[in-house]
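Here the structure is laid out as structure tokens; the discussion comes afterwards.
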Amino acid sequence: MEYVNERYSGAKLVQQHYRSTSIDPYEFRIDSFTFEWNDICFGIQVERERISDFYWVAYAERKVYDSYLKSFFETRNITAKISYPGYSTPTTTSFFEENPEADISQFEGKINLVIHSNIDDTHITPESFGWLYDFYCYCRENITNHYSVNITCKNNSINFNNETVYNNEKEFYAAFSTG
């Protein structure tokens, strides 16, 4: 808590999990905490006095979401799990940590997105989601950075990036792999 108070004065503790007090010798002894500060929800993990701070990771993810994804997903009321794995060098995290007021368009690295669309019994094929091709088109028109996207739904997935061109919806859906 000293660490958080020193760096994020006024941060609100949202959730906490204490594993260091576990009696089980085979359980990981990592305590985890979730805080909210300046409208950013982020995690802190502590293991044997070693602190892992995920504020700037959460900050960068929020910047990418707000700049590029929010207008697509929220206007269509789409819920999907979005993750931002393995940023290329320089990472968006270190970019924003060094330039917190910067615009995402100033980032010269690559933005990687993994999207898992909600799975339910009404969506049997990628086409049945009704928005995947629209999202591909949206990315082509609106994301100015280099990017790569992996979309997974049911047992189907597709990877595309800022250089990938599908001439039409049929060609896009034919590119999905199963497995």
Side-chain angles (χ1 to χ4, degrees), residues 3-4 6-15 32-45 51-119 126 129-153 156-169 171-173 175-176:
Y3 175 88
V4 172
E6 185 178 302
R7 285 163 182 76
Y8 310 107
S9 180
K12 177 184 170 191
L13 179 63
V14 176
Q15 198 172 41
S32 60
F33 307 88
T34 303
F35 291 91
E36 188 174 322
W37 188 66
N38 291 340
D39 293 325
I40 304 291
C41 198
F42 66 101
I44 300 270
Q45 292 181 337
I51 297 172
S52 298
D53 181 340
F54 299 100
Y55 174 77
W56 289 106
V57 171
Y59 184 90
E61 289 174 357
R62 177 74 172 268
K63 282 285 204 175
V64 170
Y65 182 80
D66 287 351
S67 298
Y68 290 135
L69 306 174
K70 183 177 184 175
S71 64
F72 181 85
F73 286 102
E74 291 186 8
T75 58
R76 291 164 179 81
N77 200 27
I78 296 170
T79 56
K81 181 181 178 195
I82 303 168
S83 56
Y84 309 81
Y87 297 110
S88 302
T89 305
T91 68
T92 53
T93 301
S94 60
F95 173 76
F96 282 116
E97 189 170 3
E98 295 166 10
N99 309 288
E101 300 302 318
D103 185 89
I104 189 68
S105 64
Q106 297 169 306
F107 174 64
E108 294 179 359
K110 184 180 195 179
I111 297 170
N112 297 308
L113 304 171
V114 175
I115 299 174
H116 295 277
S117 51
N118 287 348
I119 297 172
F129 283 86
W131 60 268
L132 301 179
Y133 179 72
D134 293 342
F135 181 67
Y136 159 76
C137 294
Y138 174 87
C139 290
R140 299 266 314 150
E141 295 170 9
N142 294 285
I143 299 180
T144 58
N145 297 79
H146 294 289
Y147 64 87
S148 69
V149 176
N150 171 279
I151 299 175
T152 302
C153 54
N156 300 281
S157 65
I158 190 169
N159 293 299
F160 61 87
N161 61 43
N162 52 290
E163 296 176 357
T164 306
V165 176
Y166 296 110
N167 294 310
N168 55 50
E169 194 168 351
E171 191 176 301
F172 173 78
Y173 285 114
F176 271 82

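Just so it is clear, the structure is predicted and the values come from calculations on it, not from any experiment.
With rounding to the nearest 0.5 Å, the separation of CD1 in Ile51 from CZ in Arg7 is 7.0 Å. Once rounded to the nearest 0.5 Å, the distance linking CG of Asn142 with OG of Ser67 reads 11.5 Å. Here CZ of Phe96 is found 3.5 Å from CD1 of Ile104. Values are rounded to the nearest 0.5 Å. The line from CD1 of Ile158 to OH of Tyr133 is 10.5 Å long, rounded to the nearest 0.5 Å. Taken from CZ in Phe129 to CG in Asn156, the straight-line distance is 8.5 Å, to the nearest 0.5 Å. Note that OH of Tyr147 and CG of Asn162 are 5.5 Å apart. Values are rounded to the nearest 0.5 Å.
Judged by distance alone, with hydrogens and angles left aside, the side-chain atoms of Trp37 form no donor-acceptor pair with the main-chain N or O of Gly10 at under 3.5 Å. Counting only distance, with no hydrogens or angles, the side chain of Asp103 and the backbone of Ser105 share a donor-acceptor pair below 3.5 Å. Panel note: side chain Arg62, backbone Ala58; no donor-acceptor pair is recorded below 3.5 Å. Remark: the backbone N or O of Thr164 is paired with a side-chain donor or acceptor of Arg140 at under 3.5 angstrom. A donor-acceptor pair is defined here as one N or O able to donate and one able to accept, closer than 3.5 Å; such a pair exists between the side chain of Tyr138 and the backbone of Tyr68.
Judged as a side chain to side chain contact (heavy atoms under 4.5 Å, CB included), and not counting sequence neighbours, the contacts of Asn159 are Asn150. Remark: Asn77 engages no residue in a side chain to side chain contact (heavy atoms under 4.5 Å, CB included) (not counting sequence neighbours). Residues that satisfy the side chain to side chain contact (heavy atoms under 4.5 Å, CB included) test with Glu36, not counting sequence neighbours, are Val14, Asp39. Every residue two or more places apart in sequence or in another chain was checked for a salt bridge (Lys or Arg N to Asp or Glu O under 4.0 Å) with Asp134, and none qualifies. In this view, Phe160 and Tyr136 satisfy the ring-ring contact (aromatic ring centres under 6.0 Å, His included) rule, not counting sequence neighbours. Listed by chain and number, the residues in a side chain to side chain donor-acceptor pair (under 3.5 Å) with Asn168 amount to none (sequence neighbours excluded). Every residue two or more places apart in sequence or in another chain that forms a side chain to side chain donor-acceptor pair (under 3.5 Å) with Ser148 is listed here: Asn112. With sequence neighbours excluded, the residues forming a ring-ring contact (aromatic ring centres under 6.0 Å, His included) with Trp56 are Tyr59, listed by chain and number. In this structure, the ring-ring contact (aromatic ring centres under 6.0 Å, His included) partners of Phe176, at least two apart in sequence or on a different chain, are Phe172, Tyr173. Not counting sequence neighbours, the partners of Glu98 by the side chain to side chain contact (heavy atoms under 4.5 Å, CB included) test are Ser94. Applying the ring-ring contact (aromatic ring centres under 6.0 Å, His included) test to Phe54 and every residue at least two apart in sequence or in another chain returns nothing. For Ser52, there are no side chain to side chain donor-acceptor pair (under 3.5 Å) partners, not counting sequence neighbours.
In this structure, the side chains of Ile78 and Phe135 stay at 4.5 Å or more apart for every pair of heavy atoms.
Considering every non-hydrogen atom in both His146 and Glu108, the closest pair reads CD2-O, 4.5 Å. Shortest non-hydrogen contact noted between Val114 and His116 is CG1-NE2, 3.5 Å. Minimum interatomic distance between Pro100 and Glu97 (heavy atoms only, all atoms of both residues): CD-O, 3.9 Å. Between Thr152 and Ser157, the closest heavy-atom pair is OG1-CB, 3.8 Å. Of all the heavy atoms in Gln45 and Ser32, the pair that sits closest is CG-CB, 4.1 Å.
A perpendicular orientation is assigned to the rings of Phe73 and Trp131, their planes being inclined by more than 60° (bins at 30° and 60°). Aromatic ring orientation, Phe42 versus Tyr55: perpendicular (interplanar angle above 60°, classes split at 30° and 60°).
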**Q.** Audit row: Asp53, Tyr3, side-chain contact (heavy atoms from CB on, under 4.5 Å) steps and yes/no
**A.** CA-CA 10 Å; Asp53 181 340; Tyr3 175 88; 2.7 Å; yes
Q | Steps toward side-chain contact (heavy atoms from CB on, under 4.5 Å) verdict (Thr92, Tyr84) | A | CA-CA 10 Å; Thr92 53; Tyr84 309 81; over 6 Å; no
Q) Could you go step by step and tell me if Leu69 and Leu113 meet the side-chain contact (heavy atoms from CB on, under 4.5 Å) rule? A) CA-CA 10 Å; Leu69 306 174; Leu113 304 171; 4.0 Å; yes
